[in-house]
Amino acid sequence: MNNQLLNEYLDKKGFTPEDLYTHHAVFLDSGNIIFADDRNSWLYKDFLFLDPEGKETKLTPYDILLKKRYQYSLDNCDSAIFVPLFKLSGEFTGFSIRKIGGSTKHDSWFIPGHKKLDLLYNLTNAYEHAVSKNSIILTEGVYDTIALCKYGFKNSAALLGTNLSTMQFFQISSMVENIALCLDNDDAGKKAIDKIINEHPEGITFWLVDIDKDPDEFLKEHGAAEFKKRIKKCTKN
């Protein structure tokens with residue numbers, strides 16, 4: 001990776017390009033699209049959706065990347081990280097996009113008809129690990145989950161926000177009986193934790209990861225063993 005901004009961002013988050021390639025990430029590096037060829041056959045699989053005129057259109061994820069590259073070049077942003085989003089079935093549904101340099105506004109793209117409240121990031125990969133442990137760790141964002149996986153917590157998934165929707169809860173509760181909440185250590189994250197614990201029905205045991213930093217930052221500084229010590233059982237208010 002030759003782009004200084006990308007390298008600085010990855011270093012700050014404690015990642016290498018290979019860490020993200022493991023999760024099928026694609027880089028926009030100085031306007032060039034870079035990906036790991038041996039892991040990205042999904043990039044060229046056709047999917048169908050209705051265009052704004054109601055006509056059925058066939059595209060591939062790579063087509064979307066080309067469109068985004070052109071769009072971002074007009075926005076003076078030629079560096080970004082695209083992390084693909086998949087349903088539990090493995091079906092591609094969109095990208096979580098982190099812009100680096102130029103415009104700092106982050107982005108996402110979903111196939112029309114799909115939305116983030118219908119899926120959990122990394123649930124496809126986490127499924128077997130979560131079932132075997134009867135537990136799952138939920139974070140807010142993609143990079144927190146990637147960090148957890150890097151440090152050995154393979155039963156991790158991301159809400160793509162702070163809300164746990166009915167659809168997301170249904171998917172999780174059909175797999176496990178224990179949910180560990182590891183949301184960001186800010187007011188929004190704390191309020192979200194209280195809401196999730198108190199609004200969802202009995203039958204699920206909630207746990208809290210008691211850390212004073214965002215998960216990726218904490219893991220980089222303290223490691224997996226200390227993170228594991230911070231997982232504590234919760235009680236409803």
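- Using modelled atom types, no side-chain atom of Asp63 and backbone atom of Leu59 make a donor-acceptor pair closer than 3.5 Å.
- Between the side chain of Ser73 and the backbone N or O of Gly31 there is no donor-acceptor pair closer than 3.5 Å.
- Proximity of Thr57 to Leu48: side-chain heavy atoms (C-beta onward) are nowhere separated by under 4.5 Å.
- Linking ILVMFWY residues whenever their side-chain heavy atoms come closer than 4.5 Å, directly or via other members, places Val26 and Leu66 in the same cluster.
- Each salt bridge (Lys or Arg N to Asp or Glu O under 4.0 Å) pair with one or both residues in residues 128-141, not counting sequence neighbours, would appear here, but there are none.
- Tracing side-chain contacts under 4.5 Å through hydrophobic residues (I, L, V, M, F, W, Y), one never reaches Tyr70 starting from Ile97; they form parts of separate clusters.
- A distance of 4.5 Å separates CG in Leu6 from CD1 in Ile100, rounded to the nearest 0.5 Å.
- When all heavy atoms of Lys220 and Lys12 are compared, the pair lying nearest together is NZ-O, 3.2 Å.
- Residues Phe86 and Thr93 come closest through the heavy atom pair N-OG1, 4.1 Å.
- In the hydrophobic clustering of ILVMFWY residues, with side-chain heavy atoms under 4.5 Å counting as a link, Val131 and Ile136 come out together.
- We find the CD-OH distance between Glu217 and Tyr143 to be 14.5 Å, quoted to the nearest 0.5 Å.
- Side-chain contact between Lys67 and Trp109 is absent, with no heavy atoms from C-beta onward closer than 4.5 Å.
- With contacts defined as side-chain heavy-atom distances shorter than 4.5 Å, the pair Phe92/Ile111 qualifies.
- Residues meeting the ring-ring contact (aromatic ring centres under 6.0 Å, His included) test with Tyr62, sequence neighbours left out: Tyr44.
- Between Pro215 and Cys182, the closest side-chain pair of non-hydrogen atoms falls below 4.5 Å.
- Under the side chain to side chain contact (heavy atoms under 4.5 Å, CB included) rule, Phe95 has a single partner from Leu65, Leu85, Val83, which is Leu65.
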Residue pair His114, Leu119: steps toward the side chain to side chain contact (heavy atoms under 4.5 Å, CB included) verdict = CA-CA 9 Å; His114 296 267; Leu119 61 93; 5.6 Å; no
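- Remark: Glu177 CD is loosely packed, at most 12 non-hydrogen atoms of other residues, nucleotides or ligands lying under 6.0 Å away.
- Between Asn122 and Asn125, the side chains place a donor N or O and an acceptor N or O closer than 3.5 Å (distance only, hydrogens not considered).
- A distance of 7.0 Å separates NZ of Lys232 from CZ of Arg230, quoted to the nearest 0.5 Å.
- For Lys116, the salt bridge (charged side-chain N to carboxylate O under 4.0 Å, His left out) test picks out no residue, with sequence neighbours left out.
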Tell me, with the steps shown, if Phe27 and Phe82 meet ring-ring contact (aromatic ring centres under 6.0 Å, His included).
-> CA-CA 6 Å; Phe27 293 92; Phe82 295 77; 9.5 Å; no
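- Considering only heavy atoms from C-beta on, Leu10 stays 4.5 Å or farther from Thr16 through its side chain.
- In terms of modelled atom types and a separation under 3.5 Å, the side chain of Glu199 and the main chain of Ile196 share no donor-acceptor contact.
- Annotation: side chain of Met175 is in contact with side chain of Leu123 (closest heavy-atom distance under 4.5 Å).
- Counting only heavy atoms from C-beta outward, the side chains of Lys115 and Phe110 never approach each other to under 4.5 Å.
- Hydrophobic side-chain contacts under 4.5 Å tie Tyr151 into a cluster, directly or through other members, with Ile137, Leu148, Phe153, Trp207, Val209, Ile211, Phe218, Leu219, Phe227, Ile231.
- Remark: the backbone N or O of Glu8 is not paired with any side-chain donor or acceptor of Asp11 at under 3.5 angstrom.
- For the salt bridge (charged side-chain N to carboxylate O under 4.0 Å, His left out) test, residues two or more places apart in sequence or in another chain that qualify with Asp19 are Lys150.
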Stepwise side chain to side chain contact (heavy atoms under 4.5 Å, CB included) check, Ile172 with Leu164 | CA-CA 10 Å; Ile172 297 170; Leu164 177 60; 4.0 Å; yes
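- The CZ atom of Phe169 sits 12.0 Å away from atom CG of Leu159, with the distance rounded to the nearest 0.5 Å.
- Atom CE of Met167 sits about 10.5 Å away from atom CG of Leu120, to the nearest 0.5 Å.
- One finds the CG atom of Asp46 at 6.5 Å from the OG1 atom of Thr60 (value rounded to the nearest 0.5 Å).
- In this model, no donor atom of one side chain and acceptor atom of the other lie less than 3.5 Å apart for Ser156 and Thr145.
- Residues Ile81 and Tyr9 have side chains in contact (heavy-atom distance under 4.5 Å, counting atoms from C-beta outward).
- Every residue two or more places apart in sequence or in another chain that forms a salt bridge (charged side-chain N to carboxylate O under 4.0 Å, His left out) with Lys213 is listed here: Glu221.
- With hydrogens and angles disregarded, a donor-acceptor distance shorter than 3.5 Å links the side chain of Asn155 to the backbone of Ser135.
- Each of Arg69, Lys68, Lys99 was compared with Asp75 under the salt bridge (charged side-chain N to carboxylate O under 4.0 Å, His left out) criterion, and only Lys99 meets it.
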